[in-house]
Enquirer: 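Sending over a structure as C-alpha cells; questions will come in a sec.
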Amino acid sequence: MFDALSDKLQATLSDVRARGTLTEDDINKAMREIRLALLEADVNFKVVKSFTANVKERALGADVLGQLNPGQQVVKIVSDELTSLMGGAAAGVSFSPRPPTVILMAGLQGSGKTTATAKLARHLREQNGSSVAVAACDVYRPAAVDQLVKVGAQAGATVYEQGTDRDPVDIAGWALDRAKQEGKDVLIVDTSGRLHVDERLMDELVRIRKVVRPHTILLVVDAMTGQDAVNVAEQFAQAVQFDGVVMTKLDGDARGGAALSVKAVTGKPILFASTGEKLDQFERFHPDRMAQRILGMGDVMSLIEKA
Amino acid sequence: SKTREALGAEIQATLFEGDVDEETWERLEEALIMADVGATTTAKVVGQLEQEAESGGLEGGEALSRRLQELLADIARTGQDRIDLRHDPTVILMVGVNGTGKTTTLGKIAWHLRNELGKSVMLGAADTFRAAATEQLQGWAERAGVPIVTGPEGSDPGAVAWDAIVQGRAQGADVVLIDTAGRLHTQDDLMAELSKVRRVIAKQLPDAPHETLLTVDATTGQNGLRQARLFAEAAEVDGIVLTKLDGTAKGGIALAIAGELGIPVKLIGVGEALEDLRPFDADDFAQALLS
Ligand SMILES: Nc1nc2c(ncn2[C@@H]2O[C@H](COP(=O)(O)OP(=O)(O)OP(=O)(O)O)[C@@H](O)[C@H]2O)c(=O)[nH]1
Ligand SMILES: Nc1nc2c(ncn2[C@@H]2O[C@H](COP(=O)(O)OP(=O)(O)OP(=O)(O)O)[C@@H](O)[C@H]2O)c(=O)[nH]1
Ligand SMILES: [Mg+2]
Ligand SMILES: [Mg+2]
C-alpha cells in the first residue's frame, strides 16, 4: 500500500555501508527522496524545506556502521525529528478549578466540528465522569442544530439550543449561564464552519470567545487537508489563539501531513484524533504514530525497533 | 479580459522575472506544489515548459507565462465537461467523502435548475445515515422551492433513491437529484453500498444515473487523487464538483485528477449560498492556480 521510503533510501545510499559515514552528497540524495515523501504526504512546502535542512544537519557525518543499513538510519533520524517536532508534552484539555470548564470548537466548513463536539462530550463523560453540556451556535447551516441535538443526545450530553433566530454570540452567553445554573462540569461550544478569510465570521468567533472565555479552544482540522493547512492554522491562531488541534478523518488513507504543518507553524499540539463517524471513534493523539504515518512506513519502523 | 491580463502579468512578474535559469523552474515547481497540484503533474508541466523554452520556442517572461497557462488549462480541460439534461428525467447522483459539500451543492444545483433554467426538480435524500442529513437537504429543498423525497433514518438508501425517481417520473420532473451519505473511499462496505444504489437506480430507469458527480473539497491535498480513483471505480464518476474555492486553497488536486484520471471538473462551489455555484472554466482555473 505505502511505497516504502526506506527501500528507496536504501537504494539511494547503497554504497555508503562500506564507508561507514554519510557524506554531504549522500545526504543530498537522501533528502530528495524524503522531500518527495513529505510533499506526497501534504506537509507544507515551506515546512518541508526547514525540516529537511534540520535533518540534513543531524544526518551529516552520522555513523552508519551498525546493525541498521544507511537507508534505515536516515529514516530513523527523520522519524525521530518528526516525532519530536510533532510531540512535546501533549497537555490535553485543561480544566477550570471553578466549573464549568468551557471548550470552544472552531474550524473550516465540514472539518468535523459537530461530530467532534459530541465525541469529546462522550470522551469526557467516560474518562472523567464529567457532566457535559453542548451549545448549538451554528445558526447558518441548514439543520446544524438538529444534528447537534441528535449526536449530543447520543453522547449523553445536555444540548443547549435556541433555534436559529438568535445571534450565535448571544446563544453562547445564554448557554454558559445555563451551564452554571445547572452545575455542569463542562460546556462544549459548537460553532458554524467558517473560512479563515471570512472577516465577519472570524469576528463572530472572537466575540463568542469573549463571551464564554473558554479554557481551551480547539481547532478541528481534516486530515486530508493539503498545502493550505498552514494558512488556515495561522489565521485561526491569530484570531483566537487556539490551544490545540483535533485531527479528523484519520480513518482514511490520507497521510495527514497537515498535522505536521499545523504544529510547525503554530506550535500548538494535536490533542485528539478522530477516526470515524461513530462517537466512540475518538482517541488521544499519538505523535509517534503520526510520524510513521506521514512517512508511510509502519512496517519499516517495527523493523527498526527490532534491530 | 483585462483582469485576466492583469493577473497574467502578476504571475509573470513573480515567476519569470530575471534570467530564466534553474531557479526559475524551482520557483514554478514550488508554486504548483503549493497549489496542491502534486509532484507528478508538477514535474510533467515544468518539464514540458522547460523543454519548450530550451528549444527556443519561448522568448521572455510573457511568452513563458502565457504558455504555462495554456499547458495548465489543457490538462484541466478533459472529457465531456457539460452536464447533459436531455433525459426524461435526468438523474444526477452526488457522491463524495464526508463533509466535502454534497448536500449543499445539490441545494445549489436544484435552485439553479429551477430558477435559472426553469426546470422542474425532485430531490432524493438518500443519506439516511448521518444525523440530520435529511433535515439538512429538506432545508435546501425549501430554500430552492423544490419537492423532496425522504426515508426514515437508517433506512436503505437505495430505496429512497428508487422512490425519488418513481415520484419524479410521476410528477413529470425534468431532473432528479440524489444525495448520498459521505464515505471514505477506503471503506469497502460503504463503497459497495454506493454501487448498489447505482444498480437500484438503473433498475428503475435504464441508463440512469446519467450523471454521477464527485465533490472534492478544494482544500484537499494529494489524497484527492485516491478519492477520485476509488469513487470512479465504485460509481463511474462523470465529473468533479470542486467546492470551497472561495477560501485560499487553489484546488490544484483537481488538475492532477483531470490529468491522471481524465475526469473533468464540471462545477465549482464558491460559497454557502444558493447562488454560489459556477460552471468550471479551465482558463480561469489555470489563471487562479498560480495567482
Ligand atoms: N470518516 C470520518 N468521518 C468523519 C469524522 N469526523 C467527522 N466525520 C464526518 O464528516 C462530515 C462532517 O462532519 P461535521 O461534524 O458535520 O463537520 P462540521 O465541521 O461540524 O461541519 P460544518 O458545521 O458544516 O462546518 C460528517 O459526515 C461526519 O460524519 C471522522 O473522524 N472520520
Ligand atoms: N465556503 C464554502 N463552504 C461550503 C461550500 N460548499 C459547501 N460548504 C460548506 O461545507 C460544509 C459541508 O457541506 P455539506 O453539503 O454538508 O457536505 P456533505 O458532503 O453533504 O457532508 P456529509 O453529508 O456529512 O458527508 C457546510 O458547512 C457547507 O455550508 C463552498 O463552496 N464554500
Ligand atoms: Mg457543524
Ligand atoms: Mg451531506
Side-chain angles (χ1 to χ4, degrees), chain A residues 35-37 39-46 48-49 108-115 118 140-154 164 192-198 221-232 235 248-249 251-258 276-277, chain B residues 29-31 33-40 42 97-104 107 129-143 153 181-187 190 215-224 226-227 230 243-244 246-253 271-272:
Chain A
R35 179 175 166 274
L36 264 182
L39 287 176
E40 273 307 297
D42 293 317
V43 179
N44 182 268
F45 191 91
K46 287 176 187 153
V48 171
K49 258 189 181 169
L108 294 182
Q109 286 92 346
S111 55
K113 293 172 296 300
T114 304
T115 308
Y140 309 112
R141 167 175 164 177
V145 174
D146 304 271
Q147 186 187 358
L148 187 65
V149 165
K150 286 193 182 176
V151 291
Q154 278 168 30
T164 56
S192 69
R194 67 201 71 221
L195 288 173
H196 51 296
V197 288
D198 186 328
V221 179
D222 187 324
M224 293 176 273
T225 314
Q227 296 288 316
D228 203 40
V230 295
N231 293 329
V232 175
Q235 296 283 324
T248 65
K249 308 180 198 174
D251 44 325
D253 60 355
R255 294 274 184 82
E277 295 191 74
Chain B
E29 189 185 273
E30 177 173 339
I33 293 283
M34 292 281 261
D36 289 317
V37 169
T40 309
T42 293
V97 160
N98 309 76
T100 44
K102 293 172 292 299
T103 307
T104 306
F129 177 73
R130 210 210 64 213
T134 295
E135 289 84 345
Q136 186 186 359
L137 193 64
Q138 273 171 330
W140 283 109
E142 243 166 72
R143 287 184 184 182
E153 200 173 319
R183 67 200 75 219
L184 295 179
H185 50 288
T186 49
Q187 295 164 321
L190 295 182
T215 45
V216 174
D217 185 325
T219 58
T220 310
Q222 297 312 300
N223 194 246
R226 291 186 54 79
Q227 293 172 20
L230 293 179
T243 62
K244 311 184 194 175
D246 45 327
T248 50
K250 306 289 195 217
I253 193 61
E272 298 182 81

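Within every chain, numbering begins at 1; the chains are lettered A, B, ... in the order of the sequence lines, protein sequences first and strands thereafter.
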Enquirer: B/E272, B/Q187, B/R130: which one forms the most heavy-atom pairs within less than 4.5 Å of chain A?
Expert: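 The candidate making the most pairs under 4.5 Å is B/R130.
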Enquirer: How many angstroms lie between atom OG1 of B/T248 and atom CG of A/N231, to the nearest 0.5 angstrom?
Expert: 4.5 Å
Enquirer: Measuring only between side-chain heavy atoms, which start at C-beta, is A/L108 closer than 4.5 Å to A/R194?
Expert: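 Not touching, per the 4.5 Å side-chain cut-off.
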Enquirer: Quick one: do the B/D36 and B/Q222 side chains pair a donor with an acceptor below 3.5 Å?
Expert: no
Enquirer: By a 4.5 Å heavy-atom criterion (distance strictly below it), what part of B/E142 contacts chain A: side chain, backbone, both, or neither?
Expert: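 Contact with chain A: none, neither part.
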Enquirer: For A/S111, which residues count as a side-chain contact (heavy atoms from CB on, under 4.5 Å) partner, sequence neighbours excluded?
Expert: A/K113, A/V220
Enquirer: I'd like to know which of B/D246, B/T40, B/I253 tops the heavy-atom pair count under 4.5 Å against chain A.
Expert: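 Going by pairs under 4.5 Å, I would pick B/D246.
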Enquirer: Which pair of non-hydrogen atoms, one from B/K244 and one from B/D217, has the smallest distance, and what is that distance?
Expert: NZ-OD2, 3.0 Å
Enquirer: Could you pull out all residues at least two apart from A/D198 that satisfy side-chain contact (heavy atoms from CB on, under 4.5 Å)?
Expert: A/L195, A/R200, A/L201
Enquirer: Counting only non-hydrogen atoms closer than 4.5 Å, does B/Q136 touch chain A with its backbone (N, CA, C, O), its side chain (CB onward), both, or neither?
Expert: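 Backbone plus side chain of B/Q136, per the 4.5 Å heavy-atom cut-off to chain A.
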Enquirer: Checking A/E277 against chain B: side chain, backbone, both or neither under 4.5 Å from a heavy atom?
Expert: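 Contact with chain B is through the side chain of A/E277 alone.
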Enquirer: Who among B/G38, B/A218, B/A132 has the most heavy-atom pairs with chain A under 4.5 Å?
Expert: B/A132
Enquirer: Looking at A/R141, A/H196, A/Q235, A/K249, which makes the most heavy-atom pairs under 4.5 Å with chain B?
Expert: A/R141
Enquirer: Name the option with the most non-hydrogen atom pairs under 4.5 Å to chain A; the candidates are B/G107, B/G139, B/G221.
Expert: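 Most heavy-atom pairs under 4.5 Å with chain A: B/G221.
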